[in-house]
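What follows is a short report on a single structure.
Any value given below was found using the heavy atoms of this structure, including those in side chains, with hydrogens, waters and symmetry copies removed. Letters go in sequence order (proteins before strands), and every chain restarts at 1.
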There are 2 protein chains.
Amino acid sequence: MTCGSYLIDRLHQRGFRMTPQRMAILHTLRRAGGHLSATEVFERTRRAQPGLTEPTVYRTLEFLAENGYALAAHIGGGKLVYELTEENHHHLICKKCGKTISVEYTVLASVYEQLQLSTGYKLDSSHVTLFGLCPDCQT
Amino acid sequence: MTCGSYLIDRLHQRGFRMTPQRMAILHTLRRAGGHLSATEVFERTRRAQPGLTEPTVYRTLEFLAENGYALAAHIGGGKLVYELTEENHHHLICKKCGKTISVEYTVLASVYEQLQLSTGYKLDSSHVTLFGLCPDCQT
DNA sequence: TTCCTTATTGCAAGTAGTTGCAATAAGTAT
DNA sequence: ATACTTATTGCAACTACTTGCAATAAGGAA
Ligand SMILES: [Mn+2]
Ligand SMILES: [Mn+2]
Ligand SMILES: [Zn+2]
Ligand SMILES: [Zn+2]
């Protein structure tokens, strides 16, 4: 039916509920395919859900990310974006022009394992964002 | 004299100016020793500089970080903090309890070099923040 | 269907951070 | 000292994000 239906059982098993708002926000994320800010999600989802409010969007996105239904990424300048969980990947972002490239999930795996051993911290090893300067901006 | 005096020549060489506001903000950062948010910097610096405004604080901190006079770090939840450049280090932050530990600068050097070779990006290799769960929060 | 519990939402008000622009004042030259 | 250039600031208005709380409604039980 709608594009969030597949989640209903998983939500219920954990005591959560499916709502029209969550359904619509999931639909927006699915349709976008890539990274969206909370404001973008709000503006796009509102078209199908006129009553939708900003706090609901912020809380829903946080909820989805915390429970593994979506990925969050800090992309610099304090900006936070979300996307639906697809295959695992990381990002390199150019601080100057904003150009973003994806990095294989496996590239960071060994380093993170080493750090986990030496510190005891269990590190996020998915959807990590690294910053730098792209080839064009290194003048 | 005041704790930002040592910067005056370096600023002038680049066409920048030293101001009472910058001096006072540098003094606040120096005295704190560790990470401070923009709001914390504003509230502390205002005590010595009553006319100081928020935009000036935000712009000054951004200026200091962009020009290598201070370090910025995203510490999760969209929070951004600043500190004066001392010895190089990274941070591991627990997403649950917020506990932060420092990591040797050298730990990440080799990985970042490899990534630079494979992507062409020149990556930030100082004051990197990684997220995860500390030993206590891994239940 | 109807009732019940409580997760979730909307509202209203608040805090945090940003931006355009005119006024100020740091530094330099005369 | 004085005048000049323009980097920097303060102001005001704006956008982004958060929070407490009462009202709503999802899901389960009777
Ligand atoms: Mn991504
Ligand atoms: Mn630090
Ligand atoms: Zn670039
Ligand atoms: Zn912890």
**Message:** Whether the side chain of B/Gln13 engages the backbone of B/Ile8 through a donor-acceptor N/O pair (distance < 3.5 Å, no angle test) should be reported.
**Reply:** no

**Request:** Say whether, by atom type as modelled, one donor and one acceptor occur between the side chain of B/Glu43 and the main chain of B/Glu40 under 3.5 angstrom.
**Result:**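 Not a single qualifying donor-acceptor pair exists.
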
To the nearest Å, how far apart are [X] [atom1] and [N] [atom2]?
{"X": "A/Leu80", "N": "C/dA16", "atom1": "CG", "atom2": "P", "result": "18 Å"}
{"X": "A/Ile25", "N": "C/dT8", "atom1": "CD1", "atom2": "P", "result": "12 Å"}
{"X": "A/Gln21", "N": "D/dT24", "atom1": "CD", "atom2": "P", "result": "14 Å"}
{"X": "B/Arg14", "N": "C/dG27", "atom1": "CZ", "atom2": "P", "result": "16 Å"}
{"X": "B/Gln13", "N": "D/dA7", "atom1": "CD", "atom2": "C1'", "result": "17 Å"}
{"X": "B/His74", "N": "C/dG17", "atom1": "NE2", "atom2": "P", "result": "12 Å"}
{"X": "A/Phe42", "N": "C/dC11", "atom1": "CZ", "atom2": "C1'", "result": "13 Å"}
{"X": "A/Asn67", "N": "C/dT8", "atom1": "CG", "atom2": "C1'", "result": "14 Å"}

**Item:** Salt-bridge contact B/Asp136-B/Lys99 (side-chain N to carboxylate O under 4.0 Å)
**Value:** yes

**Request:** Pick base, sugar-phosphate or nothing for B/Gly15, based on heavy-atom distances below 4.0 Å to the nucleic acid.
**Result:**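 Counting heavy atoms under 4.0 Å across all strands, the contact made by B/Gly15 is with sugar-phosphate only.
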
**Prompt:** B/His127 pairs by ring pair (Phe, Tyr, Trp, His ring centres under 6.0 Å) with which of B/His74, B/His90, B/His91?
**Reply:**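 Output: one option passes, namely B/His91.
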
**Asked** Along nucleotides 25-30 of chain D, 5' to 3', which nucleotides get a B, which get an S, and which get a -, given that the test is a protein heavy-atom distance under 4.0 Å?
**Response** BBS---

**Item:** Residue-level proximity of residues 50-66 of chain A to DNA chain D when a heavy atom falls under 4.0 Å
**Value:**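 DNA chain D contact set from residues 50-66 of chain A: A/Pro55, A/Tyr58, A/Arg59.
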
Which atom pairs, one a donor and one an acceptor, fall under 3.5 Å between side chains of residues 63-70 of chain A and the rest of the protein, sequence neighbours left out?
from    : atom 1 : to      : atom 2 : distance (Å)
A/Asn67 : ND2    : A/Phe63 : O      : 2.8

**Message:** Does D/dT9 have OP1 or OP2 under 4.0 Å away from a side-chain N or O of B/Gln49?
**Reply:** no

**Complete:** Hits for ring-ring contact (aromatic ring centres under 6.0 Å, His included) against B/His12, two or more places apart or cross-chain, chain-then-number order -> none

Output a table of donor-acceptor pairs, distance under 3.5 Å, between side-chain atoms of residues 25-34 of chain B and any protein atom two or more places apart or on a different chain; print 'none' if there are none.
from    : atom 1 : to      : atom 2 : distance (Å)
B/Thr28 : OG1    : B/Ala24 : O      : 3.2
B/Thr28 : OG1    : B/Thr45 : OG1    : 2.8

**Message:** Please pick, from D/dC17, C/dT9, D/dG10, the nucleotide with the shortest atom-to-atom distance to any side-chain atom of A/Arg22.
**Reply:**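 Per side-chain heavy atoms of A/Arg22, the pick is C/dT9.
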
**Message:** Would you say that A/Arg22 contacts A/Phe16 through its side chain, given a criterion of any heavy-atom pair below 4.5 Å between the two side chains?
**Reply:** yes

For residues 106-116 of chain B, which side-chain donor-acceptor pairs fall under 3.5 Å, sequence neighbours excluded?
from     : atom 1 : to       : atom 2 : distance (Å)
B/Gln116 : OE1    : B/Leu123 : N      : 3.0

